[in-house]
Amino acid sequence: MKKLVNSLLAAGAIATAVSAGSAITAVKVNGNIDKVSYDSAVWKQAKMTTVTLYPQTTIEFNDKKANELNADAKAITAQIGAIYNGKQIAFIMKWADGTKNVTYANTTDTYADGFAIQFASDAKNPKELPYIGMGSDGRPVVIHLQKEVYGSYEPNGNGDVAHQVNPNQTHLFGKDLEAYNIHVRSLGSNDYEKTFVAEGFRSTTEIKDGSSKGYLRFGYANKGWSGTLSRPLKDAYVNLDAAAIPVAFAIWDGAKMNRNGLKYLTGWTAVKLEGKKGGNDLVEALHAPVKGDVAKGKEVAANNCSACHQLEKTDAPNLMGPSLTNIGGYASVDYLRESIVNPSAVVVPGYNRNAHSAYEWYTLDNGKRTSTMPEFSWLEQADMENLIAYLKTLKAEVK
Amino acid sequence: MSKRQLAMVMDLNKCIGCQTCTVACKTQWTNRNGREYMYWNNVETYPGTGYPKNWMELGGGFDAAGDLQAGVIPNLEADYGVPWDYNYDALQGGASFEPNVEPTWGPNWDEDEGAGMFPQDNYFFYLPRICNHCTNPGCLSACPRDAIFKREQDGVVLVDLDRCQGYRYCIAGCPYKKIYFNPKISKSEKCILCFPRVEQGLPPACAQQCVGRIRFVGFLDDEESQVYKLVHKYKVALGLRTDYGTQPNVYYVPPTESPVKFDADGKIIPDSGRLPIEELEKLFGPEVHGAIKTLKAEMKKRKETGESELMDILIAYQHSDMFRLDNNYYQQVARDNGHHPLAPVDTRYVAGKHTKTTHEIKFFHGGHGHAAAGGHH
């Protein structure tokens, strides 16, 4: 494990130098991989790539304690590998975490560690990928989520609520009561594993009908987590059978009261399926080094963006628009360009409109969101490139 | 905003702190399935720590500019109290009667303590609390999943358990801490104003069972309802901590009556009262002065002339007058929307936009072949 931590640190330093990160290679393997786990021997064939995950700071949530814990959040790194065969694709994520946070269905204010892997439904145009935070209107994503939550019951699932009453309110005693308790426990789930489809965070819908099948495993050892996902290359929602696919990874740290948007995430990361031709446009779009004059870009941002956006951590928070303090970590160059030129192409979910009613991020017309941000398509080409180069530098340091 | 608002008025002069409402709610909704620690309805002693502990200091609600304020999520053991039980089972074997956990805190831990010195000026009153079904709910505004909604037909605020993912921002956002995390299902739950009862023309269980008849239930726009008369006509029923900015829809007739104080020699101080007006002002705002004035004037009028509509209302002669639920109204709403008249769960989100087939919601299936809930029959 010491070796792993060292290599994580070393690779992290490289990642800050090449600010756009690097692509992951999915190695083609033989045999069945539809139910691999973190301890499966098949991972020996995988090529591990170090990926940086940045604290999601687009909006600040209203949990006082969590905000204190995350006020100074740094980026973290994970080692990610991928394998595929003709039918399935599998991922492994490994990251250091000094505390194992598990919830056992008996607390109100603790949170579990977890991870998620996100796929784009349509990645044909690498310049118009779904929004990184759970997709956007017309650009759906599928997310596989695993959290270390034990003993949870599904309220609307199998409908068996009659068997969950307080044992002391049954008429049972002795062996009958014991049997009852065992039966109740058997109705609970110790595997908090879910698949969602979303077109923007608020639309997130759990897929409960089995139409998307993921198999996730999660294990903690030597002060680190390993998580795996196996899933079909194709299902009703996504087709991953391509030369390169965009994938995003997220990690929740229970010790920092992480849940939902309060997490660490990567930008869209290209996963190249080894042996397939093409896909270079995606790799190029997501990982090409960024050109531009950062200092000049900062000036452009100060003149045009800072009235509504918090740019750097030292700037005052601004409720008028998404905070951009980590935008360089999880937004691609094309996403930034698109959002500057056409802000309504992707409207960030933002706050509940009732939470900060004086700050309208968008107007709603028949469910269609139009961003309040003016279009900056008039920017000079050079200013635009400099601005994007500057925005790409906005990200927390690696821990 | 909802089209109509169902509201409740509680007359604090008449609350005797018997907890019958608490028990009615608990046996109806919260004695099972991870809700054991929750009191959707609780009655706390004021002044006191309340339930959960020091809830008024835990944040949430809105500031004057309308911005949602950050809050704290209470801890099960320290702030709510672990619901303990006893070792009934072991008694068979001759064991002594013991709680199954060492109780360190619980609701009403400081019941009847109040403030002041006995016997000179000690005082307290009871403050029954349910979800305020606010017009501008902090919980709803805090939810990043749009899992909380306010019903069009009556303004009842509900959690859609299908949408809820247990993030608990709602708990931080509610200044009354009247929404709770159910750890067993990993979702948030709250008072539902007994809407399955209400839709059948029955008042919420807490109101029906109240032995002091302190609770009135009706629509705020129904000028015939006693709720309307108490809130709008006489203006003697006021929201709790309206400074939180959520526009609560449970209203309180402030306590006006209290015993006289004694001086150091144990003598009665004439015309004194034990309830400090500042405390009432803190809870119910500056309007409390007007409300108390009206109440006193109407009491006097009733004494002198035998007539007072307000006193007649507060005496609460008939349940049928206290509760105006207009059962046909709900039947009409259901027909207009093409719904099953009693749909326990809002069906907006049941069929996710992208899921291929609808999974059926089975909420109240007891294995007895009851009609399934849900609107698509």
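Since this is a predicted model, take the numbers as computed values, not measurements.
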Turns out that what part of Ser357(A) lies under 4.5 Å from chain B's heavy atoms comes down to both
Bottom line for Tyr150(A): the part with an atom under 4.5 Å from chain B's heavy atoms is neither
Under 4.5 Å to a heavy atom of chain B? For Leu319(A) that would be side chain
**Message:** Check whether Asn352(A) reaches the backbone of Leu140(B) with its side chain - one donor and one acceptor, N or O, closer than 3.5 Å.
**Reply:** yes
- Task: Kindly indicate, with the supporting measurements, whether the criterion side chain to side chain contact (heavy atoms under 4.5 Å, CB included) is fulfilled by Lys194(A) and Gln165(B).
- Result: CA-CA 11 Å; Lys194(A) 298 184 176 197; Gln165(B) 292 293 328; 3.5 Å; yes
Under 4.5 Å to a heavy atom of chain B? For Thr110(A) that would be backbone
One should read off an interatomic distance between Tyr111(A) OH and Tyr167(B) OH, to the nearest 0.5 angstrom, of 11.5 Å
Tell me whether Thr108(A) contacts the main-chain N or O of Pro74(B) through its side chain, where contact means a donor paired with an acceptor under 3.5 Å.
yes
Output for pair (Lys65(A) NZ, Asn75(B) CG), nearest 0.5 Å, gives 7.0 Å
### Message
Quick check on Glu77(B): does its CD atom have over 12 non-hydrogen neighbours (other residues, nucleotides or ligands) under 6.0 Å away?
### Response
no
Interatomic distance, CG@Asn354(A) vs OG1@Thr246(B), rounded to 0.5 Å, equals 10.5 Å
So Thr205(A) and Arg163(B), do their side chains get closer than 4.5 Å, heavy atoms only?
yes
- Would you find a donor on one side and an acceptor on the other, under 3.5 Å apart, between the side chain of Arg145(B) and the backbone of Arg202(A)? no
Bottom line for Tyr86(B): the part with an atom under 4.5 Å from chain A's heavy atoms is backbone
Query raised in the report: Going through the distances and angles, do Tyr169(B) and Asn260(A) end up as a side chain to side chain donor-acceptor pair (under 3.5 Å)?
Result: CA-CA 10 Å; Tyr169(B) 295 111; Asn260(A) 84 306; 2.8 Å; yes
Under 4.5 Å to a heavy atom of chain B? For Asp63(A) that would be both
Any salt bridge linking Arg168(B) with Asp109(A)? Criterion: basic side-chain nitrogen under 4.0 Å from a carboxylate oxygen. no
Looking only at Val72(B), Asn182(B), Val82(B), Asp85(B), most heavy-atom pairs under 4.5 Å shared with chain A are made by Asp85(B)
From the list Tyr37(B), Tyr88(B), Tyr80(B), the residue making the most non-hydrogen contacts under 4.5 Å with chain A is Tyr88(B)
Rounded to the nearest 0.5 angstrom, the OH-CG distance for Tyr351(A) and Asp67(B) is 9.0 Å
d(Ser141(B) OG, His356(A) NE2) to nearest 0.5 Å is 9.0 Å
Among Ile171(B), Leu58(B), Leu68(B), the residue with the most heavy-atom pairs under 4.5 Å to chain A is Leu68(B)
So OG1 of Thr107(A) and CZ of Phe181(B): to nearest 0.5 Å the spacing works out to 7.0 Å
Ranking Asn67(A), Asn62(A), Thr103(A) by heavy-atom pairs under 4.5 Å to chain B gives rank one to Asn62(A)
If you tally heavy-atom pairs under 4.5 Å between each of Ser212(A), Gly174(A), Gly210(A), Gly151(A) and chain B, the highest tally belongs to Gly174(A)
Note: Ala70(B) and Lys64(A) closest approach over all heavy atoms is O-CE, 3.8 Å
Counting heavy-atom pairs under 4.5 angstrom with chain A, the leader among Pro144(B), Gly166(B), Ala142(B), Cys143(B) is Pro144(B)
If one checks every heavy atom of Tyr359(A) against chain B at 4.5 Å, the contacting part turns out to be side chain
